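Working notes for the structure below.
Sequence lines set the chain letters: A, B, ... in the order given, protein chains first and strands last, and positions in each chain run from 1. Owing to the predicted nature of the structure, the values given are computational and were not obtained by experimental measurement.
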2 protein chains.
Amino acid sequence: MSRILPHPTREQIELPGVMDCLSDPIRLAIVYNLAKREKEAGELRCGDFYGLSGKSNLAYHFAKLREAGLMETRAVGTARLMKLRREDLDNRFPGLLDAVLASAERDAERLQLPVLEFTEA
Amino acid sequence: MSRILPHPTREQIELPGVMDCLSDPIRLAIVYNLAKREKEAGELRCGDFYGLSGKSNLAYHFAKLREAGLMETRAVGTARLMKLRREDLDNRFPGLLDAVLASAERDAERLQLPVLEFTEA
DNA sequence: TCAATAGTTCAATGGGAATTGAACTAAGGA
DNA sequence: TCCTTAGTTCAATTCCCATTGAACTATTGA
C-alpha cells in the first residue's frame, strides 16, 4: 500500500481547484474538522472521518483534497496522517482559508457541518 | 421578456453555492470583471461578456450567479444591468470576496482571466 | 505464518452540470 | 407597423462528478 502520494508544490496550487474542493459539503466538512484540530495534534487519519461517508468515497475526496493542494498526507504504518497545508494556502491565497473557515463556523448548523470525534495520537 | 428575476435574500445566500459559483472559470471571470468595474459604473450588461462564451451559455451562468446571490440583475429596456452584491456578500462572508478577488488578480495570467471591454453607460 | 486492520483501487451506476443551436419574447427605432 | 437588437427559454447532447460495493494491498500483532 506504500505508494507515492503526489502533492502539488505550493506554486502549483490553483484557485479554481481550491474553490471546487471547498464547494463540496463532504470536503468542506473534512477541511473544517482538520482546521478545528490544527492547534492540537494537527494530523488526523482517514478513519476519523467515517462518520461522513463510506471508506472508498472518503478516499476519493481525500485524493481530491490532496491533489488540489489543500492537505498533505503521509503514511505511517497502515494509517494515513493528514493535515491542512495552512502555510501554503495562506501564502498562495492570503485570507481565503480564514474567511471560508470563519463563515463555515458561523453557518455550521445550517450547513450541518459535523464535528467529529477523533482518536488520540 | 420582462419576467420576475428571483434573487435570494441576504440571509439565504449559502457558502457552498457561492464557492461553487467561483470555482467555474467562466463565472469567476464574470465576477472578476464585475468587480473591476465596481468603482465606476458598477453595472454591466450581458452583451459585455460575449467574449467569454455564447449568449445562451452566458444566460445560464448569469442565472446561477443570480440565484446563488452573487449578483443582482435589473431590467432596463431590453438590457439587463448586473452588479455584484458586494455588501450582502461582505456581510454574510466577511473577507471572502476580497480574498478571492485578490488571488484572482494575482493569478490573472495563469487563470487566463480576460479583462473585457465594456460599453459606456 | 496467519489473521485482522487500514486504506486504496477498480468498475459500474446515477445524476447533474456545461454547452450548443434554434425558437421565442420583449423593447426600441425607423 | 416592421425590423432589429437584447436576452431568455427549450431540448438535446456530452461529459464529469459523486457514490457504492467488491476486490486488492500493505502493515501490524498474535
Worksheet entry | Residues from residues 109-117 of chain B lying under 4.0 Å of DNA chain C - heavy atoms |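 Heavy-atom contacts with DNA chain C come from no residue of residues 109-117 of chain B; none.
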
Discussion item. At a heavy-atom distance below 4.0 Å, what parts of residues 46-54 of chain A sit against DNA chain C?
Written reply: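 Result for residues 46-54 of chain A: A:Cys46, A:Gly47, A:Tyr50, sorted by number.
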
Item to complete: Calculate, to the nearest 0.5 Å, the distance between atoms CZ and NE2 belonging to B:Arg66 and B:His61 respectively.
Response: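 Atom-to-atom, B:Arg66:CZ and B:His61:NE2 are 14.0 Å apart.
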
Worksheet entry | Spacing of CG belonging to A:Leu96 relative to CG belonging to B:Asp98, to within rounding of 0.5 Å |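 One gets 11.5 Å once the value is rounded to the nearest 0.5 Å.
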
Please report, rounded to the nearest Å, how far the [atom2] atom of [N] is from the [atom1] atom of [X].
X: A:Arg45; N: D:dT27; atom1: CZ; atom2: C1'; result: 12 Å
X: B:Asp24; N: D:dC15; atom1: CG; atom2: P; result: 17 Å
X: B:Phe62; N: C:dT19; atom1: CZ; atom2: P; result: 13 Å
X: A:Asn57; N: D:dT20; atom1: CG; atom2: P; result: 6 Å
X: A:Arg80; N: C:dT8; atom1: CZ; atom2: P; result: 5 Å
X: B:Leu65; N: C:dA17; atom1: CG; atom2: C1'; result: 14 Å
X: B:Lys64; N: C:dG16; atom1: NZ; atom2: P; result: 11 Å
X: B:Lys55; N: C:dT20; atom1: NZ; atom2: C1'; result: 14 Å

Ion pair check, [X] and [Y], cut-off under 4.0 Å:
X: B:Arg80; Y: B:Glu72; result: no
X: B:Arg86; Y: B:Glu38; result: yes
X: A:Glu67; Y: A:Lys64; result: no
X: B:Glu43; Y: B:Arg37; result: no
X: B:Arg85; Y: B:Asp90; result: no

Worksheet item: Which nucleotide in the list D:dT8, D:dG7, D:dA18 gets nearest to the side chain of A:Tyr60?
Response: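 So the side chain of A:Tyr60 is nearest to D:dA18.
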
Fill in: Selected nucleotide, minimal atom distance to A:Thr78 side chain, candidates D:dT19, C:dT5, D:dT9
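Side chain of A:Thr78 sits closest to C:dT5.
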
Discussion item. Over all strands shown, is A:Ile26 touching base, sugar-phosphate only, or nothing at heavy-atom distances under 4.0 angstrom?
Written reply: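 The answer is sugar-phosphate, as A:Ile26 gets under 4.0 Å only of primed atoms, P, OP1 or OP2.
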
Worksheet item: Stepwise, does the side chain to side chain contact (heavy atoms under 4.5 Å, CB included) test hold for B:Leu58 with B:Tyr50?
Response: CA-CA 8 Å; B:Leu58 284 177; B:Tyr50 285 176; 3.7 Å; yes

Item to complete: Examine D:dC17: is either OP1 or OP2 under 4.0 Å from a nitrogen or oxygen in the side chain of A:His61? Give yes or no.
Response: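 No.
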
Worksheet item: Within a strict 4.5 Å, meaning less than it, do heavy atoms of the B:Lys83 and B:Arg74 side chains meet?
Response: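 A side-chain contact under 4.5 Å is absent here.
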
Item to complete: May I ask you to verify whether the side chain of A:Ser56 and the base of D:dG21 hold a donor-acceptor pair under 3.5 Å?
Response: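 By the distance-only test, yes, there is a pair.
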
